[in-house]
> 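This is the structure I want to talk about, given as structure tokens.
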Amino acid sequence: MAKVGELNLRLVGGDVLRPEGLERGGALSLAKGLLMEAAGAREIDLSGYRILPGIIDLHGDGFERHVAPRRGAMKEMAEGIRATEAELAANGITTGVLAQFYSWEGGLRGPEFAAQVFAGIKAVKDQLVTDLIPQLRFEIHMLDAYEGLLGQVTDWGIPYVVFNDHLPHDRLAEGKKPPRLTGQALKAGRNPEVHFQMLLDMHARESELPARLDRLCADLIAAGVRFGSHDDHTAEDRATWRARGARIAEFPETPEAAEAARSAGDHVILGSPNVVRGGSHKGNASALDLIAMGLCDALASDYHYPSPRRAALLLEKSGLLPVEQAWALVSSGPARVLGLKDRGTLEAGKRADLVILDAQNQVAATLSGGRISYMSGAIAARFLA
């Protein structure tokens, strides 16, 4: 069924990024939400612009500023999700994975807030142009949450889970309070001593973890849910998660972990802010180095939505990768990781997901499924003429 706002257009004169490279002065037709030709298409001259596949953001938590700009300031989650879509579209993102914590850390990372976020996404996603996909970031030491987790994942419509472990194990093994514990406890609404004891108790149950994780991962596989690990540090870390069925390695911290993933055919996701910054803000492996080593399948926004576009363009400008390979890290690469065969490249029959960049490589327009999600400046005059 056709959706309101689907355009029937023939875009001409712009430089079109095909899988094999940039086609100068090319043409691109779209109709019925797909890249296809149809009778009655209106022709639009995009000379001076570049037309590229829409960005698929595999992991981003930058939406927190929209759904909770200040503690208690926003009560209407749906409005925050709408504001998030506007930012995604303005940055050329046509498919966005919203990564929400389910963590003992509480507050914006707590289970109660996660339930609100996922309910908000579910309520409005079909009303939006940008394709939004919820991702659950589950803290693995929340053993009491395991029994009901699969039911929650199903109810919330979550197709993608990532496992995290943010417990400060070294400090807890010594019985020492981790840094910033008081502030963390207060943000979670807990007494600092109660919070510390909770951490100690979770750490003490470490021996229960492998069997519980094995069972949970088997249940996720049976339910058709995709899942991965986060912040792998060693080859052993990656091998352990792979044995459970986690074939995605999000933000491996070392070349060793990334190489272990690549050698086994697992997907490696890196953070685009790491590329833009020239290194990790936490002192982990440089994404630029890993990309140069061929150890990257896709780049994600992480915490900054402008970064995927900027990272891909930086890789092109630096000469590290040709434009078609650099942009693939934010388009066709993420599509393969998520199993989305209907998008990621500008080929006939695919979804009409595209971003149009001006001469300064700023986003001039974004179309998702053949519908405009963002447009600004001089390009609007060409579309409206």
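Just so it is clear, the values below take in all heavy atoms, side chains as well, and ignore hydrogens, waters and symmetry mates.
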> Minimum heavy-atom separation for Pro255 and Leu295, please, with both atom names.
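So the minimum-distance heavy-atom pair works out to O-CD1, 4.3 Å.
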> Kindly say whether the aromatic ring centers of Phe138 and Tyr146 come within a distance under 6.0 Å.
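Yes, the ring centres sit under 6.0 Å apart.
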> Would His230 and Phe251 count as a close aromatic pair, with their ring centres under 6.0 Å?
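Yes, the ring centres sit under 6.0 Å apart.
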> Go through Asp131 and Arg343 one step at a time and tell me if the salt bridge (Lys or Arg N to Asp or Glu O under 4.0 Å) criterion holds.
CA-CA 11 Å; Asp131 193 6; Arg343 67 197 75 180; 2.7 Å; yes
> For Ile51 and Leu11: C-alpha separation, side-chain torsions, deciding distance, then whether side-chain contact (heavy atoms from CB on, under 4.5 Å) applies.
CA-CA 9 Å; Ile51 307 170; Leu11 310 177; 4.1 Å; yes
> Would you give the length of the straight line joining atom NZ of Lys341 to atom OG of Ser332, rounded to the nearest 0.5 angstrom?
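So the gap between those two atoms works out to 14.5 Å.
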> Within the distance-only criterion (no hydrogens, no angle test), does the side chain of Arg171 pair as donor or acceptor with the backbone N or O of Lys177 below 3.5 angstrom?
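Confirmed, Arg171 side chain pairs with Lys177 backbone.
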> At what distance, to the nearest 0.5 angstrom, does CD of Gln135 lie from CG of Asp57?
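The distance works out to 10.0 Å.
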> If you measure from the Lys or Arg side-chain nitrogens to the Asp or Glu carboxylate oxygens, is any gap between Arg262 and Glu259 under 4.0 Å?
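Glu259 and Arg262: not salt-bridged.
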> Applying salt bridge (Lys or Arg N to Asp or Glu O under 4.0 Å), run through Glu316 and Arg50 and close with a yes or a no.
CA-CA 14 Å; Glu316 175 197 4; Arg50 286 208 286 183; 3.2 Å; yes
> Where is the tightest heavy-atom contact between Val355 and Val363, given as atom of each residue plus distance?
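Nearest heavy atoms, Val355 then Val363: CG2-CG1, 3.9 Å.
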> Can you find a side-chain donor-acceptor pair between Tyr102 and Gln152 that sits under 3.5 Å?
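On atom types as modelled, these side chains qualify, holding a pair under 3.5 Å.
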> Does the gap between the ring centers of His203 and His169 come in under 6.0 Å?
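Judged by ring-centre distance (under 6.0 Å), His203 and His169 do meet the cut-off.
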> Tell me if a side-chain donor or acceptor on Gln100 pairs with a main-chain N or O of Leu108 at a distance below 3.5 Å.
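Checked: pair present.
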> Do you see a donor-acceptor pair shorter than 3.5 Å between the side chains of Glu256 and His233?
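No, because no side-chain N or O of Glu256 sits under 3.5 Å from a partner of the opposite role on His233.
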> Is any NZ, NE, NH1 or NH2 atom of the basic residue among Arg10 and Glu37 found under 4.0 Å from an Asp or Glu carboxylate oxygen of the other?
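Looking at Arg10 and Glu37, the cut-off is not met.
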> Looking at Arg310, I want to see if its CZ is surrounded by more than 12 non-hydrogen atoms of other residues, nucleotides or ligands under 6.0 Å.
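Open: at most 12 neighbouring heavy atoms sit under 6.0 Å from CZ of Arg310.
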> Salt bridge or not between Glu20 and Arg18? Use side-chain N to carboxylate O under 4.0 Å.
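Salt bridge: no.
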> Quick check: Phe101 with His166 (ring centres under 6.0 Å apart)?
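Under 6.0 Å, so yes.
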> Kindly write out the residues that satisfy ring pair (Phe, Tyr, Trp, His ring centres under 6.0 Å) with Tyr49, not counting sequence neighbours, or none if the list is empty.
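For Tyr49, no residue satisfies ring pair (Phe, Tyr, Trp, His ring centres under 6.0 Å) once neighbours in sequence are set aside.
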> Minimum heavy-atom separation for Ala83 and His66, please, with both atom names.
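Scanning both residues, the minimum pair turns out to be CB-ND1, 3.7 Å.
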> Closer than 3.5 angstrom, by distance alone: can the side chain of Ser368 be matched with the main-chain N or O of Val129 as a donor-acceptor pair?
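Checking the backbone N and O of Val129 against the side chain of Ser368, a donor-acceptor pair under 3.5 Å is found.
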> So, are Asp214 and Arg244 salt-bridged, with charged N and O less than 4.0 Å apart?
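Salt bridge between Asp214 and Arg244, a charged N being under 4.0 Å from a carboxylate O: yes.
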> Mind listing the closest non-hydrogen atom pair of Ile248 and Arg238 along with its distance?
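Minimum heavy-atom contact is O-NH2, 3.5 Å.
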> Between Arg82 and Glu85, is a salt bridge (Lys or Arg N to Asp or Glu O under 4.0 Å) present by the stated rule, with each step listed?
CA-CA 5 Å; Arg82 293 180 190 279; Glu85 190 219 9; over 6 Å; no
> Considering non-hydrogen atoms only, spot the tightest contact between Leu299 and Ala311 and give its length.
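Minimum heavy-atom separation between Leu299 and Ala311: CD1-CB, 4.0 Å.
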> Quick check: closest heavy atoms across Gly369 and Glu6, and the distance to 0.1 Å?
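Smallest heavy-atom distance, with atoms named: O-CG, 3.9 Å.
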> Is Glu174 atom CD crowded by more than 12 heavy atoms from other residues, nucleotides or ligands, each under 6.0 Å away?
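Buried by this count: over 12 neighbours within 6.0 Å.
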> Can you tell me how far CZ of Arg309 sits from CG of Leu357, rounded to the nearest 0.5 angstrom?
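Spacing of CG (Leu357) from CZ (Arg309) equals 7.0 Å.
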> Check the pair Asp342 / Lys350 against salt bridge (Lys or Arg N to Asp or Glu O under 4.0 Å), numbers first and verdict last.
CA-CA 5 Å; Asp342 64 341; Lys350 294 286 184 76; over 6 Å; no
